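Quick caveat: nothing in here was measured; it's all calculated off a predicted structure. We name chains A, B, ... by the order of the sequence lines, and we start the count at 1 in each one.
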2 protein chains.
Amino acid sequence: MEKETTIYDIARLLNLSPATVSRALNDHPAINSNTKQLISNKALEMGYRSNTFASNLRRQQTKTIGVIVPRLDSSFMSTVLSGMEKVANEANYNLIISQSLESSRKEMANAKTMFNSRVDGLLVSLAADTDNLEHFSTFFRKGIPMILFDRVMPQKNCTNIVIDNLKAGYEATAHLLGQGCRRIMHVTGSVKRNVYADRLKGYKMALLEHGLPVEDELIRLTDFTRQDGLDVADEIARMPSPPDGLFVASDLCAASCMGGLRKNGFSIPKDIAVVGFNDDPIAQLVEPNLTTIHYPGQEMGEIAAQSLINHLNGLLRISTTNTILLNYELIVRESSRRV
Amino acid sequence: MEKETTIYDIARLLNLSPATVSRALNDHPAINSNTKQLISNKALEMGYRSNTFASNLRRQQTKTIGVIVPRLDSSFMSTVLSGMEKVANEANYNLIISQSLESSRKEMANAKTMFNSRVDGLLVSLAADTDNLEHFSTFFRKGIPMILFDRVMPQKNCTNIVIDNLKAGYEATAHLLGQGCRRIMHVTGSVKRNVYADRLKGYKMALLEHGLPVEDELIRLTDFTRQDGLDVADEIARMPSPPDGLFVASDLCAASCMGGLRKNGFSIPKDIAVVGFNDDPIAQLVEPNLTTIHYPGQEMGEIAAQSLINHLNGLLRISTTNTILLNYELIVRESSRRV
DNA sequence: TTTTTGACTTCAACCGATTGCATAGAAATG
DNA sequence: CATTTCTATGCAATCGGTTGAAGTCAAAAA
């Protein structure tokens, strides 16, 4: 196990001071360019690598961004993370990623860990049952910037990155109405979360606008598990007047529900037209292909990370831009095409 | 923005030396338990948090594990990462995650970044076109432990964590044979990768054992994209004597291929029985449900991380255990059930 | 020739925690 | 009472890079 080269080693060999070496390596303007060349050559030759810890200790920054997400093992989230990783990597930041597993308590623990590892900033998508941001107050007090994405909550000095879920919910529902559906069921998640609450609002708005009643019986709160999808299908099969349209705020659940419906003898989209949400790969793999809202995961990740980094570099004050809205797209496939 | 409390602050307030405070906070046996109590109370009261950088600088360790995976946005990989995150988190390690996007070149760049951020150890699943471990030699030279998982390559002093892909490939094929299939096609990925090469071997072995010929025409090398699946389906449809069994080494691709086959008028499993690999959520969402090999992702992640951490703590020398084999399970569902 | 200026470099004090070695004081032993 | 043995704590160096202030030296200006 060889020992590390330090700027002291380089300095000694070149008869210079460590200070000069440090400045040269950081491309400080006060250093002669010949000296810089000399030093960086030597550094390369000796396999020098900067000690981040010494540097961070002195500079009082960590070059680390904390990410807290509900789950890692979802197609959407891994796309988002993929985008964040790309941007962070390019900007020389590290990502510390942790999952709350949809539990507010775990989210608090994660926040604490992040705080202790002194992240420069935070990117968070909230757990299902989080109903306040109290556990992030330590960050606010210390002036550590935080950006919420997807599962957000209004908060002073804290940018939200989202799509217009209300409008998307509205469009999804309106599309079903446009296909001739007149009795549309909506399967949603925890309405504590903006994403589901807004989609629900959009759903209601579309109904009202078309002069249709909003029936509680047609709104189901679930956890979007596979089983939930099957249960909903069974329920539908038992209903005296089953819906002719189904808007599920998650592709995975929509897919399992379609399976259940088919087992119960429903034909899709003839008997019941289905729309999902997210445009997970699954949407194009199930039969019939699932109509859904395309959600720009990669882009959301990139923008979240980039905004935070810009803020950290003083290029953009987060507090001024308070909400970034990304575009979504309704993608119509066979599961809802009737005309 | 308040300033941080340090052990010096605590020491001053309690009329003790920083050394004592440091030892107390680390539960050093030489410190009187009353003193410890006193100090930890004060630390809590003052909102003290240890400065990892100072500590790491002094201790010469980073408490960081580097993870390089082909892609983040796959269901299997996010399950693996989820397991790693859990274990690392509990052991107070941080994860730096990066993706090679299946490119050997990007993998090299990632390795370099990891090296520069001085990870204590490395968890790697190789890119599709990586054919040697030269780019990790810097780690080997420095004695930084590395564990390969899933996409592995034999290497001295480097534990591999895998399932027995050969046996799994054999079983998948044997299962199809058991269902009466006599002409089985195999769709695989880059045979540079052990996982695909071994499954292919298992496939061949099963055929030979049942006295069936191995026909090149029935072996397809793909990238497992959705389009690849559709292409294979079209090809099958054009074949004069199409296969009656299909073993695809990826669920996603198997699913899209099933869709393509159905469009081409094939009935599954009657005309052609299908087996996938991985037990992605998709397997239970497509119609008919996909027979597949259940791959213990979460467990693989946990074991990989735990082994590395054990090694780092000196609890277990990696070099002694060279391969860890995890159990897989053939899960029979409708896509292949004929009897 | 003397002074000023500017371009580089160096000095030395940090950043905060850790740890081998020394030591004070108390308790035990002779 | 003197000496040894512990226990608990302190001293001071160390990890490696950064940075404000001070110094050097040669060229330019007075």
Side-chain angles (χ1 to χ4, degrees), chain A residues 1-40 42-44 46-64 92 115-120 142, chain B residues 1-40 42-44 46-64 92 115-120 142:
Chain A
M1 224 180 287
E2 320 147 22
K3 62 198 166 311
E4 290 291 335
T5 330
T6 71
I7 52 170
Y8 293 92
D9 300 328
I10 299 177
R12 196 172 338 104
L13 260 77
L14 294 176
N15 264 322
L16 289 167
S17 78
T20 306
V21 176
S22 170
R23 290 202 170 91
L25 259 17
N26 286 306
D27 207 20
H28 191 288
I31 304 294
N32 185 295
S33 57
N34 295 321
T35 317
K36 273 184 195 167
Q37 198 57 55
L38 193 71
I39 290 175
S40 73
K42 199 69 180 179
L44 208 62
M46 300 177 69
Y48 167 80
R49 45 179 187 162
S50 165
N51 186 322
T52 331
F53 299 99
S55 170
N56 286 343
L57 173 58
R58 180 61 224 242
R59 287 210 240 242
Q60 303 280 63
Q61 55 153 4
T62 66
K63 280 279 191 180
T64 296
N92 252 304
F115 188 68
N116 285 329
S117 43
R118 308 199 185 197
V119 295
D120 288 338
K142 274 233 153 43
Chain B
M1 225 179 288
E2 320 146 22
K3 63 200 165 311
E4 290 292 336
T5 323
T6 71
I7 52 169
Y8 295 91
D9 301 327
I10 299 177
R12 198 173 334 105
L13 260 75
L14 294 176
N15 264 322
L16 287 167
S17 78
T20 306
V21 175
S22 169
R23 290 198 174 92
L25 259 16
N26 287 306
D27 208 19
H28 191 287
I31 305 294
N32 185 294
S33 56
N34 295 321
T35 316
K36 275 184 194 166
Q37 198 58 57
L38 194 71
I39 290 175
S40 71
K42 199 69 180 178
L44 208 62
M46 301 178 69
Y48 167 80
R49 45 179 187 162
S50 164
N51 186 322
T52 330
F53 299 99
S55 172
N56 286 343
L57 173 58
R58 181 60 227 248
R59 285 210 240 244
Q60 304 279 65
Q61 55 154 7
T62 65
K63 281 279 190 178
T64 296
N92 253 303
F115 188 68
N116 286 329
S117 43
R118 307 202 186 194
V119 295
D120 288 337
K142 274 234 152 43

Quiz item: Centre of B:Phe53's six-membered ring, under 6.0 Å away, within 45 degrees of the axis: is that where NZ or CZ of A:Arg118 sits?
Solution: no
Quiz item: Quick one: does A:Thr35's side chain get under 4.5 Å of A:Leu16's, heavy atoms only?
Solution: yes
Exercise. Between B:Thr20 and B:Phe53, name the one whose nearest nucleotide on DNA chain C is closer to the 5' end.
Key: B:Phe53
Quiz item: In Å and rounded to the nearest 0.5 Å, what is the CG to CD1 distance from B:Asn51 to B:Ile7?
Solution: 10.0 Å
Exercise. Carefully, step by step, assess A:Asp120 and A:Thr64 under the rule side chain to side chain contact (heavy atoms under 4.5 Å, CB included).
Key: CA-CA 6 Å; A:Asp120 288 338; A:Thr64 296; 5.6 Å; no
Quiz item: Within the structure shown, what part of the strands sits under 4.0 Å from A:Asp9 by heavy-atom distance: base, sugar-phosphate, or nothing?
Solution: nothing
Quiz prompt | D:dG16 OP1/OP2 closer than 4.0 Å to side-chain N/O of A:Ser55 | solution = no
Practice problem: Quickly work out the A:His28 NE2 to C:dT10 P distance and round it to whole Å. | Solution: 14 Å
Quiz item: Nearest to the side chain of B:Ile7, which nucleotide is it out of C:dT9, D:dT19, C:dA17?
Solution: C:dA17
Practice problem: Write down the distance between CE (A:Met46) and C1' (D:dG16), rounded to a whole number of angstrom. | Solution: 14 Å
Quiz item: What is the nucleic acid contact for B:Leu16, judged by heavy atoms within less than 4.0 Å: base, sugar-phosphate only, or nothing?
Solution: sugar-phosphate
Self-check item: Nucleotide C:dT18, atom P - distance to CG of B:Asn51 in whole Å
Solution: 10 Å
Quiz prompt | Value in whole Å for how far the C1' atom of C:dC15 lies from OH of B:Tyr8 | solution = 9 Å
Quiz item: Atom CG of B:Asn26 and atom P of C:dA17: how far apart are they, to the nearest Å?
Solution: 10 Å
Quiz item: Looking for any heavy atom pair under 4.0 Å, which part of the strands does B:Ser22 touch: base, sugar-phosphate only, or nothing?
Solution: base
Practice problem: In whole angstrom, give the distance that lies between atom CZ of B:Arg59 and atom C1' of C:dC15. | Solution: 17 Å
Exercise. Take the protein atom CG of A:Leu14 and the nucleotide atom C1' of C:dC8, then report the distance between them rounded to whole Å.
Key: 16 Å
Quiz item: Is A:Arg23 side chain donor-acceptor paired with the D:dG20 base, going by distance under 3.5 Å alone?
Solution: yes
Self-check item: Phosphate OP1/OP2 of C:dG16 contacted by A:Gln60 side-chain N/O (<4.0 Å)
Solution: yes
Quiz prompt | Separation of atom CZ in B:Arg12 from atom P in D:dG10, rounded to whole Å | solution = 14 Å
Quiz item: Do B:Arg58 and D:dT14 have a side chain to base donor-acceptor pair shorter than 3.5 Å?
Solution: yes
Exercise. Go through the side-chain N and O atoms of A:Ser17 and A:Thr20 and say whether any donor and acceptor fall under 3.5 Å apart.
Key: yes
Quiz item: Start at the 5' end of DNA chain D and walk down; is the nucleotide closest to B:Leu57 or to B:Ala19 reached first?
Solution: B:Ala19
